[in-house]
Amino acid sequence: MVMSLLLGSALLLSACGSNESSVESSAEGSGEWSPDKPIEMIAPAGAGGGWDTTARTISKVMEKENIIDKRMAVANKPGGGGAVGWSYVNKKGGNHTLFVTSPPILFVPLNGQSKLAHNDFTPIAGVIADYSAFVVPANSPYDNMNDLVEALKEDPKAVSVVGDSAPGSMDHMAFVKAVKAAGVDIKQLKYVSAQDGSGMSMLLGNKVDVYSTGLAEATEQARAGKVKVLAITSPEPLEGETVSEFPTLKEQGIDDEFVVWRGIMGPKDMDPAAAKFYEQAVKDMMETEEWKTQRDNFGWNDNFMSGDQFKDFLDQEYKTMEELLKEVGLAK
Amino acid sequence: MDTISNMLYGFQVVLTFQNILFVFIGVLAGTLIGMLPGLGPISAIAIMIPLSYGMDPASALILMAGVYYGAVFGGSTSSILLNAPGISGTVATSFDGYPLAKQGYAGKALAIAAISSFAGGTVSVVALMLVAPLMASFAVSFGPTEYFALMLLGLTAIASLSEGSTVKALISATIGLIIATIGVDQQTGTQRFTFGNPNLLEGIDFLIIALGLFALAEVCSLILSRKSKMMNGNTNVGSLKITKKEAKEISGPIARHSVLGFILGVLPGAGATIASFMSYITEKKISKDPSSFGKGNLKGLAAPETSNNAATSGAFVPLLTLGIPGSGTTAVLLGALLVVGVQPGPLMLTDHPDVFWGVIASMYLGNLFLLVLNLPLIPFIARILYIPKALLISLVIIFCMIGVYGVSFSTFDLYLLLAFGIIGFIMRLLNFPAAPLILAFILGGMMEQSFRQALTISNGNYMTFLDSKVTIVLLILSLLSLTLPVIKSKFSKKPTEEEKEHLAS
């Protein structure tokens, strides 16, 4: 029953798609190329996570504001920290498959868990930025980043740092990068990986000293007075309730920043004209009121990068992280 | 007093036409999806998330929560009728539930599961309402050493999960521990036993092992015995009626495991699975007649079923009071909250009291709906057993495959499923119990991670395991659990046989 229903609607959809394409495949304003069938937007993770939310929000705003006149359907391809989704996009190829991505596309290949890396895809546009936050329990002896750095310089093994991601991945390396900039011997740092998401729980229970996490997770706990945010990794202080009180690394004399960027990529063989088309679409989308509402709702910061800027940025980040990983002995 | 006015406020949120409808839709969808072998709360919630875009946050969470505990409620059905647990929380349910169904008490088993689930769910919602803020500090009091000791306590029960040979149970558990090490090591990022196969990077999914060892192995046995009607052809559903004596018998476990389940549910990371196993084991340990467990003991069915539902409500404590997900499922729920624009955190109670109290109130209603929905349906659901064996076997195989494929969309996992089906069947032929394998697999991974996290934090000092009172108590309990049966068997004679027959009466 259900199967036949699904099949029916799929047929209906594709029928609609082909109808439209015959009329307007060449009459699009913004570029020489335009999509002639529904676009598949891949979230290389399960429903409810950061990639999924970003993919669904973008597709929703695109459709609502008529940025692209084809449907943009979100599909989840979870597994392998993104590797499953990436290999799907790579296999699929063409001009009608996109995916949402973020720093793991650098870390997962660097950790030897995906053969495909960022340069196996076409960067289309950077969209938003989030930042890391280093937090300690409310009763911690450390009141600012420099207190912590002093302790780490004295004895790197005296402080345990927990994060929700794998060793050598985002939460770990954001912290490593920051304290290295402050002059700490990063080879001896203790990192506890809590991949079941129990990092915050360990911190609140005073089982570990520092928690390296995303800004959003830290904000609510800080607002409730449960944790102190020692530093955030944004280049400039942030605006907004509570977050404006968080000191940046730079404000504390540590010359470092770490952007948890999110952007859109396509398959390697994507027509450059198609990539340009999507880049423009993302740009247009980010100017709509609907996007601004959604963005503020999720607490995201706009961070538009053109395809070329995005590519340069990724290459630079990849190099930095590769060196860091080599230094801590995790590069594969 | 405050609680009462808060609760009234909660009901005010829930008792609108729209929200009652959401509770109903949630539990209905949840219980139906949960009944299918292989489909559990995570897939059920993931299916519902796109629906919640743009919904009012309270309504969205009411709907999602309904799907969640509805799926756990319904999950017992496939465990009891087909020996095909759809979620890890109902594996223990099949230990005594399936034998009951085989003996022609399917109706009764389903009714007991429904009543235990209802009781466990309701008692724990009361607990959630009364002590949620107090429990918040308990939830974070467990760190790596405490979890290690808790998992160890669970593992010591392996001997008690064996029927007959303890050595075979230990071998089976060892295999489980070995399987748990497959995949990328979480503390170092090293690949273990993946043989360069990217499909093994994340380890083997619990569902594959459970469906393979339980459902497919059962299917193999059924195929072998397809001609001998005597062996297994029991299509009798039996009456739903529970006698006074039976009601009295299960009231003890229900009371005990509502509390135990809730407490274990509160601990992030423990959850319904560990709660149901712990309850089953505890009940068996305190039973006067432990040998009847695994052969259709009513207590052995009521205990895990009460516990896994109680744990489900318990899991809402860290979620609602701290904004911390306690399990994979609550992490998905947390994602659903983000989608509707609520950032979960310790201030949710003050910022979104409608979400907090509304969800709690909705759970009373939802549990009631589930009981009312499920009880009358039992005779119809149990009719599954009337399906001709050839058809039923094919259906179970298909559902197992859909369940596994639906999690990962990987054909590799289907081969793994087949492999575990064969392993399970061979184990059966040689009388190796499957339960210790699955228990060791579930506990082993967490136990290892906790152990190593603890040692990283302590710079390799083993004394860290004696730093916390909770850890010490749990370690002593593990030691007792391991040694007491040995000591007891040396000093006492064998248990009386008469009580074993009480089921037949």
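Worth saying up front: this structure is predicted, and the values here are computed from it rather than measured. A note on names: the letters A, B, ... follow the listed sequences, proteins ahead of strands, and every chain is numbered from 1.
There is a side-chain donor-acceptor pair under 3.5 Å between Glu146(B) and Ser468(B).
Side chain of Ser165(A) to backbone of Asp171(A): a donor-acceptor contact under 3.5 angstrom is found.
Taking the six-membered ring where the residue is Trp, Phe451(B) and Phe148(B) present tilted rings, their angle falling between 30° and 60°. Relative orientation of the Tyr191(A) and His172(A) rings is parallel, given thresholds of 30° and 60° on the angle between their planes. By the 30° and 60° cut-offs, the orientation of the rings of Phe142(B) relative to Phe138(B) is perpendicular.
Note on Leu201(B), Leu337(B), Ile324(B): by heavy-atom pairs under 4.5 Å with chain A, the leading option is Ile324(B). Chain B forms more heavy-atom pairs under 4.5 Å with one residue of Lys190(A), Gln294(A), Met202(A) than with any other, namely Lys190(A). Among Arg223(A), Lys77(A), Lys115(A), the residue with the largest count of heavy-atom pairs under 4.5 Å with chain B is Arg223(A). The candidate with the highest count of non-hydrogen atom pairs below 4.5 Å against chain B, out of Ser114(A), Ser160(A), Pro167(A), Gly205(A), is Pro167(A). Interface remark: of the candidates Lys157(A), Met200(A), Lys207(A), Lys207(A) forms the most heavy-atom pairs closer than 4.5 Å to chain B.
Only the side chain of Lys226(A) comes within less than 4.5 Å of a heavy atom in chain B; its backbone stays farther off. Contacts between Tyr147(B) and chain A at a heavy-atom distance below 4.5 Å are absent for every atom of the residue. For Asn199(B), no part lies near chain A; criterion is any non-hydrogen pair under 4.5 Å. Heavy atoms of Gln453(B) lying under 4.5 Å from chain A belong to its backbone as well as its side chain. Contact of Lys60(A) with chain B is made through the side chain alone, with heavy-atom distances under 4.5 Å. Proximity to chain B is absent for every atom of Ala83(A), based on heavy atoms less than 4.5 angstrom apart. Interface residue Ala139(B): only backbone heavy atoms are found under 4.5 Å from chain A. The contact between Thr456(B) and chain A is made by backbone and side chain atoms together, counting heavy-atom distances below 4.5 Å.
By the neighbour-count criterion of 12 heavy atoms within 6.0 Å, atom NZ of Lys292(A) is densely surrounded, having more than that number from other residues, nucleotides or ligands.
Between Leu150(B) and Met447(B), every side-chain heavy-atom pair lies at or beyond the 4.5 Å cut-off.
For residues 452-466 of chain B, the pairs satisfying salt bridge (charged side-chain N to carboxylate O under 4.0 Å, His left out) are Asp185(B)-Arg452(B), Glu448(B)-Arg452(B), with sequence neighbours left out.
Under the side chain to side chain donor-acceptor pair (under 3.5 Å) criterion, Arg262(A) pairs with Thr54(A), sequence neighbours left out.
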